[in-house]
Amino acid sequence: MASTSGTNDTFGIGVQQPNKMQEVADLIRSLFTDNSNRRLMQEGDDLDIGDVPSSLASLVPIVIAALQIEEENPRVAYLCRFYALEKAHVMDPLSAGRGVRRFKTYLLQKLEKENELTVRSIERSDPWELQTYYQQFYEKKIRDGEFSQRPEEITNNVQIATVLYEALKTIVPPQKIEAKTRRYAEDVERKRGLYEHYNILPLYAVGVKPAIMELPEIKEAFIALRRVDNLPMPIIRARPDTFHDDSTMPTDRLKKVNDILDWIASVFGFQKGNVANQREHLILLLANMNIRDWAESSYQLHEETVEKLMATILKNYESWCHYVRCESNLRYPEDCDIQQIKLIYIALYLLIWGEASNIRFMPECLCYIFHHMCHEVYNILAKNLARVTGSTDLVEGRDDEHFLREVVTPIYQVLMKEAKRNNKGKASHSNWRNYDDLNEYFWSKKCFNDLCWPLNSKADFFRHSNETQTRHWGRHSQVSTEDGKRKPKTNFVEVRTFLHLYRSFDRMWIFLILALQYLFQAMIIVAWSSLGPLGVFFDVDLLRNAMTIFITYAFLNFLRVTLDIILTWNALKNMKFTQLLRYFLKFVVAAVWAVVLPVCYSSSQVNPPGLLRFVTSWAGDWGNQSLYTYVVVLFMLPNIVAAILFFLPPLRRKLERSNMRILTFLMWWAQPKLYVGRGMHEDILSLLKYTLFWIMLLISKLAFSYYVEILPLVGPTKLIMGLSIDNYQWHEFFPENGQTHNICVVFAIWAPIILVYFMDTQIWYAIYATLLGFIVGAFSHLGEIRTVEMLHSRFQSVPGAFSLRFWTGKDRKTKQVELAETYERNNISYFSQFWNEFINSMRVEDLISDRDRDFLLIPYSSTEVSVIQWPVFLLTSKIPIAVDMAKDYKKKTDDDLYKKIRSDGYMFSAVIECYETLKDIILKLLLDEEDRQAVSSICTKVERCIREETFVKEFKMSGLPSLIEKSEKLLTLLQSDDGKLDSKIANALQDIVEIVIHDVMINGHFFLQKSQQHHVKRGEQFVNINTSFTHNKSVTRKVIRLHLLLTVKESATNVPQNLEARRRITFFANSLFMNMPKAPKVRDMLSVSILTPYFKEDIQYSDEEINKENEEGISILFYLTKIYPDEWSNFHERLKSEEVLEENKEELIRQWASYRGQTLYRTVRGMMYYRQAMILQCFIESAADIALSEGYSETNKKLLEEAQTMADLKFTYVVSCQAYGYQRKSKNARDKNCYINILKLMLTHSSLRVAYIDEIEEKTEDGKSQMVYFSVLIKGGKKYDEEEIYRIKLPGPPTQIGEGKAENQNHAIIFTRGEALQIRDMNQDNYFEESFKMRNVLEEFRKGHEQQKPTILGIREHIFTGSVSSLAWFVSNQKTSYSTIGQRTLANPLRSSKESSFNNSG
């Protein structure tokens, strides 16, 4: 197969001589002789690079290189594939690995075809061809392209060159390789470490670096991390099993250290992928904080920035040390570089966090690990002699997987074994420990003595059953954990029982029951008594009876304590003695009060009934009537203290967070000592509002219960109880004894009332939440613009409101200082940049048509006309109305006509704009100077007459309709793409001039005579025109706009016609008037990342999916076109206007359908709007006046590059495609389609990153195969495949612990960047206009909210599938109601944050 086609035998390989490659091919072909293998060879045609088996993952670069050079040199690509086939055979000669045989079949079949096609096209031998191509490739792509190509391009070329040289060595003897080739190969090998795929920052790459690397903040952060000269260098000692007899083999070597993270990784053994990932993460964090905290670009890393970042990252560690009463290990040796040590501590924590895998769900476990590793760092730095002698000590280094192997894996194995007890969610919660249970182990100082450091494998933490046995009983299975010791739960055990109905809401139940008792003992008595509501409260007997509520409270409290013990029984074995003592004492105290209170009450009764008489008989006369009162006060004393502390939140917060033993002892009775949830109290004002809300609600509820439920039943109850019935026919249910007072009938009447009493609290809450939400919304300026009609009336104030919320350019003058018109014009100019992009985005989404877009767009610049240019939909019908007014005007002065037109601001703007725009177009059309002078003279007279208010005297208004008609004809011709219409345009232009002179101007014949004097010899005038300028986009938009102003005679209240477009426009306009933080500059905003978890949902519909009919004969595409008919029509209009090729229409139709379903395609498009919005805003900030006059344009490459750089610094988007690696290797057609679609998304959106869990089959030392798992981050590369950025080995499968979705997010969260993180599900969408508010939303984290800044912020959600069905409509409205009225009430006064000015779609 690799026989040479030439005669040159320079390399010792003859034309007919069989070579090594031929032998390998024959050997592999011999494996495929039976029928089953022939079938495999036939299936091989469909394979691609995604089918490379995991055991042969090292062959992926070879296959990619062959694909990329195939067009340039097919024969060299053929040789690369043969090299891959040979290497695959060496790695797995028996094809025992999964998918190896199929992969070899694919290569063998492709090589056989390519050999016949390529062997005839070359004139030299294969070795000569490959070596020559290698030299040319190096000289052209690597040597000459080093300073002209981007780092990712050079990285790809270096990888290809490496593959080419490896292939060359397999077919050419080493002594036959030219010296120049070996020199080139050595240079490529040196550069391999420099040219690596990068995420955002090409830190160590050489070449044309992107603009983000030129930011001073990035440079200074990078320089600060590279200061390692004074650190002790790590020395790597060879393992005993790696020693050789060769005495020249060094046993110890110094490890190269580039920066602080490399040094930490060498000391503690972190993986290279983790180091590279956290290096970029740390630099971006430092740069973002530095660029925001200092007004001007800083060329130094400020100490305040490092201090602030350290306080943020290590906040939980400091709090944990305080809680467990241990001294923090954040110590600094004397005479050291404080900033360097702080950076080491920050980097150390990030590296621990980045490699912790599932242990990231156990934050206090991370604190424990960090605590001990900090101690090691301090000891190493304290012993370093560099500060004294100028030399550095050596510290023993560790291999790259030491931390994973010695620290992470043992803890992960505990999690995995506990997860196996779960039995896929079927086992009881009390039989296994989850993340929280294991994390609570580190809430006590006991962990220091038990777990130790390095980790003690015999510690109590690792105590668990080694196996989980499953007993089978028929079809059912039962998990048994009888063998081995099982570690019990800690503080909380979830027991599935209906008793939780009481225990989880015990305070509400106690209140309702006590209130019910008081109602029955007081309110019913009030209703029964003739004293009236006020007189009863002065009756001593009634008050004495009402005092029994404290006895009821004691019994309910006893029930609650008993349930506490029952429901936490499985955790009692593992609790500390103090916790057990607390449960025991609470039970004893509750039992004592349940006895003491009834006894004291009975002793105060004069004539107690039978049971009370029995109790008092042994109680004796040890008290009088007032004793019960004293006992009640003593009983309620803890509640009184709790109520006082409730209204003194600063004091309560201090008590709960204090670590003083005396205060801890005092708080021990009130609540268990837990690390989380301490001191979470609002300020006094918020508590007062919260309390007032519930007091008003409960007063209304109790008043309603008395006057509507209880009082009306008193009379009938008295009557029924007074009836004497001798015989019941239904004796089975009603007793015959008349002494029972018909109790069963009374019970039947009162039972529904009691049920309503317990349930109507929720109804009252809904009523109060609605009323309060309405009031809060009114004060927050919600609903000021609800319809398009309201938008028309308020649109003049929209640009000003927009500038007030989003303007971040140079300091704006206030309206009082600046002229009103200038102020408004500047607002319009700035607003138009965003508004037009917003409208264009809706056009791309096919929500509006081309006509709607033209109605909604605002001209970028208003300097060409003397008035403000509003969107056409506000000016429609204004010109026809003005013409009719002028035509019917009979007075001889201009005053009334001018006042009528000027009274309507939109009409005045439309008239002036039409005149000035038409004048400008006509003057640009004319080439002859005489023609332009004639037109200018007419315009001069028009303007003079307007100034002198003699317009109606000099011009005839009756000719205006004809002038408008001819102008419409001219504009229609100018919009045509036909280049042969110059004569018609000239005729239309002549008609306009003739009408003006003859029909409009009173003395127009003077202008005509003067004009004809210059054109007697030249024939007709106004024929020499130039229409080329109309091909300019800005002129085209101007012509279309003028044509709409002149022709549209009806109101544009139906623009846009699409209901969704209307909703989005009105919502955004309304949100501008709401109370939201002012947006900062892009450089000053918080950096943000968005993470979207994805499993195997739809990405993009295929042709088969959208055209497949169900049992009713309806396909997805047919259904979508029926529920979105206007959008389907707009889509076809867009295809026609963009002149899309026929072969691309099917792909665009699939995209159109996918954007209207719950697909990942829709989600990614929506999330990338954030980046577009940031680029636009940053572009406007940088371009300043240029952008305001010319509009956002990609022609200014420098400004656009700067804007993209800032967007890269501030925004990242990661999609966690958990099963991407599986889908790439799967044979299933749907999985394969998902893989291809994800790859297309990465190639379409260059800033999109995809994280997935990779599974690779590896051989162990005993020869067995095992699966090894990695967290991998990739991005779009060339057109063939993705580029791998980071690969971090995991201790095991991460998604087999927990519920799956959280673990999918957790494995990818380490690849996110920024100070804020937003989690968006893959079925959610986003809008461009809402993306513009991201800076405002992030400001909520920076401004103070009472006592503390928020850490979690919710935003409202719009269900975009609400129009699909009636059920979807109901769910959509329910979600909208909850996200507006309900969340508004929870935010104020009930203190649950929800930002209603932000809108996303789901």
Side-chain angles (χ1 to χ4, degrees), residues 877-890 892 894 897 901 907 910-928 930-946 950-976 981-1016 1018-1027 1030 1038-1039 1041-1049:
S877 74
K878 299 299 182 182
I879 295 299
I881 293 175
V883 171
D884 291 339
M885 290 170 54
K887 182 183 65 175
D888 299 335
Y889 190 72
K890 303 301 182 182
K892 297 182 179 181
D894 300 349
L897 181 60
I901 295 178
M907 181 181 294
V911 171
I912 300 300
E913 180 184 350
C914 287
Y915 165 74
E916 294 181 355
T917 304
L918 183 61
K919 170 188 172 181
D920 181 65
I921 292 175
I922 293 176
L923 289 176
K924 289 181 178 179
L925 278 173
L926 298 174
L927 292 177
D928 289 341
E930 293 81 359
D931 294 340
R932 286 200 294 268
Q933 287 180 358
V935 173
S936 298
S937 61
I938 296 175
C939 295
T940 301
K941 182 176 181 180
V942 171
E943 295 165 4
R944 177 179 57 81
C945 293
I946 292 176
T950 59
F951 187 79
V952 295
K953 296 180 180 179
E954 300 290 339
F955 294 89
K956 294 178 289 186
M957 301 294 100
S958 59
L960 290 180
S962 300
L963 178 62
I964 295 297
E965 182 182 352
K966 294 300 180 182
S967 299
E968 293 174 3
K969 181 179 179 182
L970 173 65
L971 295 173
T972 303
L973 294 172
L974 290 177
Q975 294 181 57
S976 176
L981 298 178
D982 288 1
S983 59
K984 294 183 179 180
I985 294 175
N987 292 335
L989 188 58
Q990 290 174 348
D991 291 342
I992 291 175
V993 176
E994 185 175 356
I995 290 175
V996 170
I997 294 175
H998 289 92
D999 299 339
V1000 177
M1001 298 179 65
I1002 294 178
N1003 296 321
H1005 59 280
F1006 292 112
F1007 282 88
L1008 181 62
Q1009 293 174 1
K1010 184 177 179 180
S1011 177
Q1012 287 178 348
Q1013 292 177 0
H1014 297 282
H1015 293 273
V1016 171
R1018 298 176 56 185
E1020 295 184 357
Q1021 56 182 345
F1022 304 111
V1023 295
N1024 193 7
I1025 61 174
N1026 175 29
T1027 59
T1030 58
K1038 186 186 299 185
V1039 171
R1041 175 180 173 87
L1042 181 58
H1043 186 264
L1044 291 174
L1045 290 175
L1046 295 179
T1047 56
V1048 178
K1049 299 181 180 180

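For the single chain, residues carry numbers from 1 onward in sequence order. Remember, it's a predicted structure, so these values are computed and weren't measured experimentally.
Separation of atoms CD1 (I938) and CE (M1001) is listed at 5.5 Å; rounding is to 0.5 Å. L989 CG to D931 CG: the interatomic distance, rounded to the nearest 0.5 Å, is 8.0 Å. With rounding to the nearest 0.5 angstrom, the CD1 atom of I1025 is 8.0 Å from the CG atom of L926. For the atom pair CG of L971 and CG of L1042, the computed distance is 4.5 Å after rounding to the nearest 0.5 Å. Note that NZ of K969 and CD1 of I992 are 10.0 Å apart. Values are rounded to the nearest 0.5 Å. For the atom pair CG (L970) and CG (N987), the distance works out to 11.0 Å, reported to the nearest 0.5 Å.
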**Message:** Working note: V883 + I879, criterion side-chain contact (heavy atoms from CB on, under 4.5 Å); need CA distance, chi angles, decisive distance, verdict.
**Reply:** CA-CA 6 Å; V883 171; I879 295 299; 4.2 Å; yes
**Request:** For side-chain contact (heavy atoms from CB on, under 4.5 Å), just list the numbers for F951 and L897, CA-CA rounded to whole Å, side-chain angles, deciding distance to a tenth of an Å, and then say yes or no.
**Result:** CA-CA 10 Å; F951 187 79; L897 181 60; 5.6 Å; no
**Residue pair C914, L918: steps toward the side-chain contact (heavy atoms from CB on, under 4.5 Å) verdict** = CA-CA 6 Å; C914 287; L918 183 61; over 6 Å; no
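Contact annotation: the side chain of T917 never approaches that of L1045 to less than 4.5 Å [non-hydrogen atoms, C-beta and beyond].
Looking at every heavy atom in both residues, V1023 comes nearest to A986 through CA-CB, 4.1 Å.
Panel note: side chain S937, backbone A934; a donor-acceptor pair is recorded below 3.5 Å. Not one N or O on the side chain of Y889 forms a donor-acceptor pair closer than 3.5 Å with the backbone of D894.
In this view, V993 and I997, F1022 satisfy the side chain to side chain contact (heavy atoms under 4.5 Å, CB included) rule, not counting sequence neighbours. Annotation: side chain to side chain donor-acceptor pair (under 3.5 Å) contacts of N1026 (sequence neighbours excluded): S1028. Here D884 pairs with K887 under the side chain to side chain contact (heavy atoms under 4.5 Å, CB included) rule; sequence neighbours left out. For T1047, the side chain to side chain contact (heavy atoms under 4.5 Å, CB included) test picks out E968, H1043, with sequence neighbours left out. In this view, K919 and E943 satisfy the salt bridge (charged side-chain N to carboxylate O under 4.0 Å, His left out) rule, not counting sequence neighbours.
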Would you tabulate the side-chain donor-acceptor contacts of residues 952-966 under 3.5 Å, counting partners in other chains and residues two or more places apart, or write 'none'?
unit_1: K956; atom_1: NZ; unit_2: H998; atom_2: O; d: 3.2

